[in-house]
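Each remark here refers to the structure printed beneath this line.
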Amino acid sequence: MSAGLEQVLAGLGPVAVAVSGGVDSLTLATIAHRTARDSPLMVHAVSPAVPGEATERVRDEAAREGWQLRVIEAGEFADPAYRDNPVNRCFFCKTNLYGAIRRVTDRQIVSGANLDDLGEYRPGLDAAREHGVRHPLVEAGFSKAMVRALARDLGLGAVAELPAAPCLSSRVETGIRIEPETLAFIHAVERLVGEDLTLTGAGRGARSAVRCRVRAAGIVVELDSQSLAGLTEPAKNDLGRRIAAHAPARLAAAPVSFAPYRSGSAFLTGGTPR
């Protein structure tokens with residue numbers, strides 16, 4: 001399965017892999033490290049939009065595999081265009097990310113984008129194009145399912161089963177300013193709800209979908225259908241009270257509700273959810 005990907009990587013020369021901590025970039029980093037003639041540089045960017053677990057995962061894999069790892073500041077929170085959270089927020093996020101990586105290396109930058117990403121609105125891919133970033137998984141014809149299968153073949157265990165985890169800013173409705181305390185709240189809520197689902201048995205395992213959306217109309221916790229169906233009304237009321245207790249001042253009066261999970265539902269174009 002990996003032969004085509006190895007061939008693509010071999011043709012790129014020395015690479016710097018942008019490693020977010022998700023299954024795609026970790027799988028790409030692993031195979032690049034194991035097969036490249038020139039030891040690749042792995043670059044992980046920290047910011048308020050990146051959960052601490054993702055950074056820990058990258059550090060753990062780096063230690064286990066013996067990667068050459070560089071941890072940097074992404075810098076997007078110094079960019080007003082990013083903080084304003086426009087429709088193309090991801091463009092400004094990736095522009096800052098790739099600019100920060102370029103400042104620490106002149107190697108070919110590669111990302112973990114896969115074929116499935118090409119079917120969605122991804123302004124971050126425009127930023128990648130402007131910075132000359134290559135996408136080996138795309139070039140080798142890998143879908144998300146194929147990446148997971150490769151991760152299993154590589155012995156990455158739990159990494160292969162990681163749920164999709166876009167950055168925390170993707171939970172904030174378009175047009176609402178991105179604030180670090182809002183992202184910390186979102187992360188805390190998702191951990192709280194995920195742990196509660198595990199304890200009560202309402203969740204469906206490692207890939208249970210939990211998204212805390214901050215919207216103009218309030219706080220919405222989105223769950224996969226099985227997890228949502230497993231929550232009783234008393235459980236929802238209890239969770240709602242506990243979620244409200246974690247809210248920063250600007251969200252203290254926001255109502256809390258529960259809804260079915262919809263990918264990208266905080267992304268608005270012309271006032272309409274995607």
Side-chain angles (χ1 to χ4, degrees), residues 20-21 45-56 73-94 96-97 163-200 202-203 208-223 227-228 231-274:
S20 67
V46 295
S47 94
V50 178
E53 297 94 329
T55 300
E56 291 174 14
E73 293 284 340
E76 77 272 34
F77 275 73
D79 185 350
Y82 169 85
R83 298 286 296 278
D84 286 344
N85 195 17
V87 169
N88 63 338
R89 180 199 69 247
C90 289
F91 173 83
F92 301 106
C93 173
K94 296 299 187 184
N96 283 279
L97 170 65
C167 81
L168 294 172
S169 294
S170 69
R171 278 76 149 164
V172 182
E173 188 173 87
T174 301
I176 297 176
R177 184 172 169 81
I178 303 294
E179 301 289 358
E181 60 268 26
T182 301
L183 302 188
F185 165 70
I186 288 169
H187 187 220
V189 170
E190 292 185 353
R191 285 176 60 98
L192 168 68
V193 175
E195 290 168 3
D196 194 85
L197 292 176
T198 300
L199 289 173
T200 62
S208 294
V210 179
R211 292 288 186 273
C212 174
R213 311 289 193 192
V214 172
R215 303 183 181 280
I219 300 160
V220 182
V221 177
E222 295 184 352
L223 303 172
S227 298
L228 186 59
L231 273 184
T232 64
E233 285 305 313
K236 288 181 184 177
N237 292 336
D238 177 62
L239 265 177
R241 286 192 293 270
R242 290 156 63 198
I243 288 168
H246 282 80
R250 62 172 295 272
L251 296 173
V256 178
S257 61
F258 296 82
Y261 168 68
R262 289 187 301 127
S263 176
S265 66
F267 174 71
L268 303 182
T269 56
T272 303
R274 186 176 70 182

Straight-line distance of [X] [atom1] to [Y] [atom2], nearest 0.5 Å:
{"X": "R262", "Y": "E222", "atom1": "CZ", "atom2": "CD", "result": "6.0 Å"}
{"X": "L239", "Y": "F258", "atom1": "CG", "atom2": "CZ", "result": "4.5 Å"}
{"X": "R215", "Y": "T174", "atom1": "CZ", "atom2": "OG1", "result": "9.5 Å"}
{"X": "I176", "Y": "N85", "atom1": "CD1", "atom2": "CG", "result": "7.5 Å"}
{"X": "D79", "Y": "N96", "atom1": "CG", "atom2": "CG", "result": "4.5 Å"}

Taking only residues two or more places apart in sequence, or in another chain, which ones meet A49 in a side-chain contact (heavy atoms from CB on, under 4.5 Å)? S47, E76, F77, Y82, C167, S169, L183

Within-4.5 Å side-chain heavy-atom neighbours: [X] and [Y]:
{"X": "V210", "Y": "S227", "answer": "no"}
{"X": "V172", "Y": "R89", "answer": "no"}
{"X": "F91", "Y": "P86", "answer": "no"}
{"X": "L197", "Y": "L223", "answer": "yes"}
{"X": "D84", "Y": "R177", "answer": "yes"}
{"X": "P48", "Y": "E181", "answer": "no"}
{"X": "R211", "Y": "S263", "answer": "no"}
{"X": "K236", "Y": "L228", "answer": "yes"}

Which heavy atom of P80 sits nearest to which heavy atom of A78, and what is that distance? CD-O, 3.4 Å

For C212 versus E190, what's the shortest heavy-atom pair and its separation? N-OE2, 2.9 Å

Using atom types as modelled, flag every donor-acceptor pair under 3.5 Å from a side chain in residues 243-253 to any protein atom, sequence neighbours excluded.
| from | atom 1 | to | atom 2 | distance (Å) |
| --- | --- | --- | --- | --- |
| H246 | ND1 | R242 | O | 2.9 |
| R250 | NH1 | T182 | OG1 | 3.4 |

